[in-house]
Structures are given as structure tokens and as C-alpha cells.
Protein chains: 2
Amino acid sequence: MAQTRYRQIYNILKSRIQQGTYAIGDYLPSENELCKTYKITRTTARKALDELLKEGFIEKQHGKGSKVKERRQSLGLLTVKGFSEAVGENVRTIILQKPQILSWPKELPFPADENELNAPCIYFERLRCVGDVPVMTESNWFSAHGLNRFLDCEFVDGSFFKTLSRKYLIEVTGSEQELRALFADEKSAYLLKIEQGFPILRISIKFTTSKPDLNIYSYLYCNTEKYPIGNIYTH
Amino acid sequence: MAQTRYRQIYNILKSRIQQGTYAIGDYLPSENELCKTYKITRTTARKALDELLKEGFIEKQHGKGSKVKERRQSLGLLTVKGFSEAVGENVRTIILQKPQILSWPKELPFPADENELNAPCIYFERLRCVGDVPVMTESNWFSAHGLNRFLDCEFVDGSFFKTLSRKYLIEVTGSEQELRALFADEKSAYLLKIEQGFPILRISIKFTTSKPDLNIYSYLYCNTEKYPIGNIYTH
DNA sequence: TAGTGGTCTAGACCACGGT
DNA sequence: CCGTGGTCTAGACCACTAG
């Protein structure tokens, strides 16, 4: 078996959710139905559903079923309030540097895991704007291992994480972050169209994913003057 | 059965970890040992361990066992890295203003719920230091409704949230936050012993609690130069 | 009452880690 | 090699939801 059985079922269900076969609000087949359909036991069916639950695709209701949830597009745990969510339509993303192979930088936002550095490094850089106002620069590093043809492919809906999910079946499983208030340096000031020395927020992130040896390392430099970083959290 | 069996095992193991019976780095009894000890099957033992895993108490190693991990304590979702955790012993808290009844301010970090404003407002203010270095000021507002004798009582272990939990059985259930990089104003600069105009991080928080009509509103002003704000998150 | 998810038993085989 | 955790089977009883 190349994959575990529950992982196969998980993948089937996940892709059907993503393709809209099971739409938001729909109920997945019950655990017993899954057992019959795929000739598995409930333990295995439940394990597959548990994975979907962990990743926020479904919500379980005792006595009713497993309901497809609206996926909380969580950029780790940070969402930009009045930005990708609230502003919605008005958000623009400018690619400053398309994904390309670079050597690993001397310093990453967080120390990398050992194995990651064995593969080449992919780097890309974007600028996020609300209307015409640039509010955040974003630099991303990650290992190219297992991401075949990543450089050639277009982002799904312009989203990096959606691309990982849809094309490579990789989900973000967690993140570690660090926040720092800094004077804007020359580059940030130029990109964000502010004066050098203006206070900006730097967010250092390490995203962990469902793929071992794949973490995403990012720096976000944010002009929080008009668009502070919002962070919604429900326990 | 008042509780599920796996929850009982979970509680036993958790309290032993918290009390240090199983120290950081130790291995818990193996799944098979747990089966014998508590007369359960592996499914149940694994379910108990899975809960501990999810909450970050242990780490599982194939072929070796379940190892007790260093716990990342999440206060809401913000932890001060190299501060209440890492620095540990060296953290000091200075009460700038003891809890007292004030009128509600014109502006809170987030808009208050309607009913809260009917009761008086309790306010207190603290300064957090690492050693002799002040790193964060903290201002808190909340409704006095139902918090009898709050002004007279001492904080449990110096912790506001522990006090709410132990004395009033109120738990924090979630939070909403907003981050902003600012120039330090006169008051913050004075308290944090930095120059006015230095970049600092302001965190606005609304903590929701298990008590309806009780939210905690806070401003944190942080000097992130030496001690950036860390934020550990596992999905 | 029928169907759902939540818990639990009693086995089995496998892959990994260290001896 | 043995013990560990990872996966899986084939059942069982329970609590919850809804017609």
C-alpha cells in the first residue's frame, strides 16, 4: 500500500469538498456509508474524517453527520483585518519576485529544520495593497523538495496556500510567529511608500505543513497605520 | 460512567505531567502498559494519548514511545517569548494601579457589548519587566458585574486570569486582537524607559469569557527590541 | 424508531528503534 | 530480536437527532 487506507479516503473526500461535489453546508456520507462504499471499518472511516476535522474542512454533529464547513482561510492565525477578509474586493497583490530557485539565506525568520536545507530553496516576494495603498510586503522561503514544477505553475486563485492544497495536497498544520515593531528600512519604506524611520510591524512566521520537511518561512512588513493587523480567534 | 474512560486516563496522565511525576523528556508508559494498568484496549489508550498530543503535552516517536514535551503556554494566543516562559524566574510584574472602580473610558480597545456598560468599570494597570528591563505596559478594563469583592482580593499567584478561574470560575474562551506599530508616546516611553518616538507594538485585545457580559479589554504597549512577542500555535 | 456519531473491546499485522 | 507506536478489522453498546 503506497498510502494508508484512511489517507486515501481522506484524499477522496477532501478533493470532493474542494471541487464542490460536497458544497458548504452539505453532509458527507455517514461513517457507515463510507464503510460500505470503501469496504473499511468505522475506525478507518473515522480516522479519515478526523483528519478533515483537524484541518477545518468539516464539523461533526452528534446524531446528524459530518457537515462541510466554510474553510477558515487562516494564514496561520493572522488575518488582515480590513484586508483580505474585510476589504475583500479591493485587495490587490503585486508579485515583486516570482517563485525562483535561490540559495538559502544565511538567516531565516526561524531556524530551519535540518533536512530542509538539503533541497534547493524557493523564494518569492509579494506586495499587498488595499486599493492603491501598499500595506504589506511578504517574503517567503521554503524547500523545493517534492514540489515538482512549482516554478512553472500559476497560483490557484492567486493564493499560495490554495495552490499547495489543491495541486500538492499539502495543508498548513500550524505556525510559529514573532512580532516586532521596527523603524522602516530603506526597502520597506520605498515599497510601502512611507518615510524611512516610520514604525512598521514585522511578523516572522514559520508555517508547518502536513508534508514532513516542508515549512514555509516568511517575513511580513506591515504598515499598520491605516490597516492594523487583526487577529480573530475563537477557542 | 461520569466521564469517558479515555478522558479518565487522559486526566491521570496530564496531572502527573503537571506535577512532574513525568518530567520533561521522560517517556510515558507505553500504550501496551497503559492497557494492562488500566484494563483498557489500545484504542482507548491511544485516544487518551491523542488528546495529550493535541494539547502539546507529549510528542510521539515511532518505535520509541510518548515523550513529555516542554509545554508552550498560550495566554489567549499571545505568549511573550523569552518572558513569562523563557525567562521564567526573572519576570517581574509591577502594579502601576491596583484594580479600582472608574468610569468607562470614551474609547476601549474594542467596542464594548451593550450590557457591560450598565455595571461599573474596573480598571488596573501593570508593568511587566524582564529583570530590571521594563518590556510591556498593560491596561485592563472590564465590567464589575458579578465580581464581588474583586477590589479587595489578592491575585492568585499574581495572575489575573488564574484569579478569575479559581475564585470566580470564569474561563477565557476566546479573544480578538489588533496589532499596530506606533511611535512611543510620552507615557509609554517613560514607563518603558525608552526614547519618545521609538517604535513600539500596541496590542489591543478583547478577551471573551465563559461569563456572559464579561469581556476583558486590554492595551499592551510592548518594547519589542530585546524581547519580541512570540506566538506559538499548533493547529 | 431508525440513523447518526461517540466510545470501547479484542484481536491482528506492520514499520520503526535500539540491543 | 523484542518492544514501540501506526494501521486496520469486526464486532458491540451508547447518546443524540429527527421524523
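Order of the sequence lines sets the chain letters (A, B, ...), proteins ahead of strands, with each chain counted from 1.
A close approach under 4.0 Å does not occur between any side-chain nitrogen or oxygen of A:S66 and OP1 or OP2 of C:dT4. For the pair A:K47 and D:dC8, the criterion of a side-chain N or O lying under 4.0 Å from OP1 or OP2 is not met. For D:dT7, the OP1/OP2 oxygens have no side-chain nitrogen or oxygen of A:T44 closer than 4.0 Å.
Side-chain proximity of A:T4 to D:dT7, C:dG5, C:dT9: nearest is D:dT7. Of the candidate nucleotides D:dT9, C:dT4, C:dG6, C:dT4 has the atom nearest to the side chain of A:E33. Looking at the side chain of A:R46, the nearest of the listed nucleotides D:dC8, C:dG6, D:dG6 is C:dG6. For B:Y6, taking side-chain heavy atoms from C-beta onward, the closest of the listed nucleotides D:dT4, C:dT9, C:dT7 is C:dT7.
Across all strands, A:I40 comes closer than 4.0 Å only to sugar-phosphate atoms, never to a base (heavy-atom distances). Within the 4.0 angstrom heavy-atom criterion, only backbone atoms of the sugar-phosphate kind lie near B:K39; the bases stay farther away.
Spacing between atom CD of B:E51 and atom P of C:dG6 amounts to 12 Å, rounded to whole angstrom units. Following rounding to the nearest Å, A:L49 (CG) and C:dG5 (C1') show an atom-to-atom distance of 10 Å. Rounded to whole Å, atom P of C:dG5 lies 13 Å from atom CG of A:L52. Rounded to whole Å, the distance from CZ on B:R42 to P on C:dT7 is 19 Å. We find that CD1 of A:I9 is positioned 12 Å from C1' of D:dC8, with the value rounded to whole Å. A straight line from CD of A:E59 to P of C:dG5 spans 13 Å, rounded to a whole angstrom. Separating the OH atom of B:Y38 from the P atom of C:dC8 is a distance of 15 Å, rounded to the nearest angstrom. Between the CD atom of A:E31 and the P atom of D:dA12 there is a distance of 17 Å, given to the nearest Å.
Between B:I58 and B:S66, the closest heavy-atom pair is CD1-CB, 4.0 Å.
Projected onto DNA chain D by closest heavy-atom contact, B:T43 and B:S30 fall at different nucleotides, the more 5' of which corresponds to B:S30.
The aromatic rings of B:F160 and B:F150 sit perpendicular, their planes meeting at an angle over 60°, well past the 30° parallel limit. Between B:W141 and B:Y219, the ring planes are perpendicular. Angles over 60° get that label, and only those under 30° would be called parallel.
In this structure, the ring of B:F124 has its center less than 6.0 angstrom from the ring center of B:F155. Ring centers of A:F207 and A:F161: under 6.0 Å apart, within the cut-off.
No hydrogens or angles were tested; on distance alone, nothing pairs the side chain of A:R7 with the base of D:dG6 as donor and acceptor under 3.5 Å.
Contact check on A:K14 versus A:E51 returns no salt bridge, with no Lys/Arg side-chain nitrogen under 4.0 Å from an Asp/Glu carboxylate oxygen.
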Scan nucleotides 17-19 of chain D against the protein and return all N/O pairs shorter than 3.5 Å with their distances rounded to 0.1 Å.
residue : atom : partner : partner atom : Å
D:dA18  : OP1  : A:K64   : NZ           : 3.2

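Checking B:N215 against B:E116 by side-chain atom types alone, a donor-acceptor pair falls below 3.5 Å. There is a side-chain donor-acceptor pair under 3.5 Å between B:Y27 and B:Q61.
Here C:dC8 sits opposite D:dG11 as a Watson-Crick or G-U wobble pair (both hydrogen-bonding atom distances under 3.5 Å).
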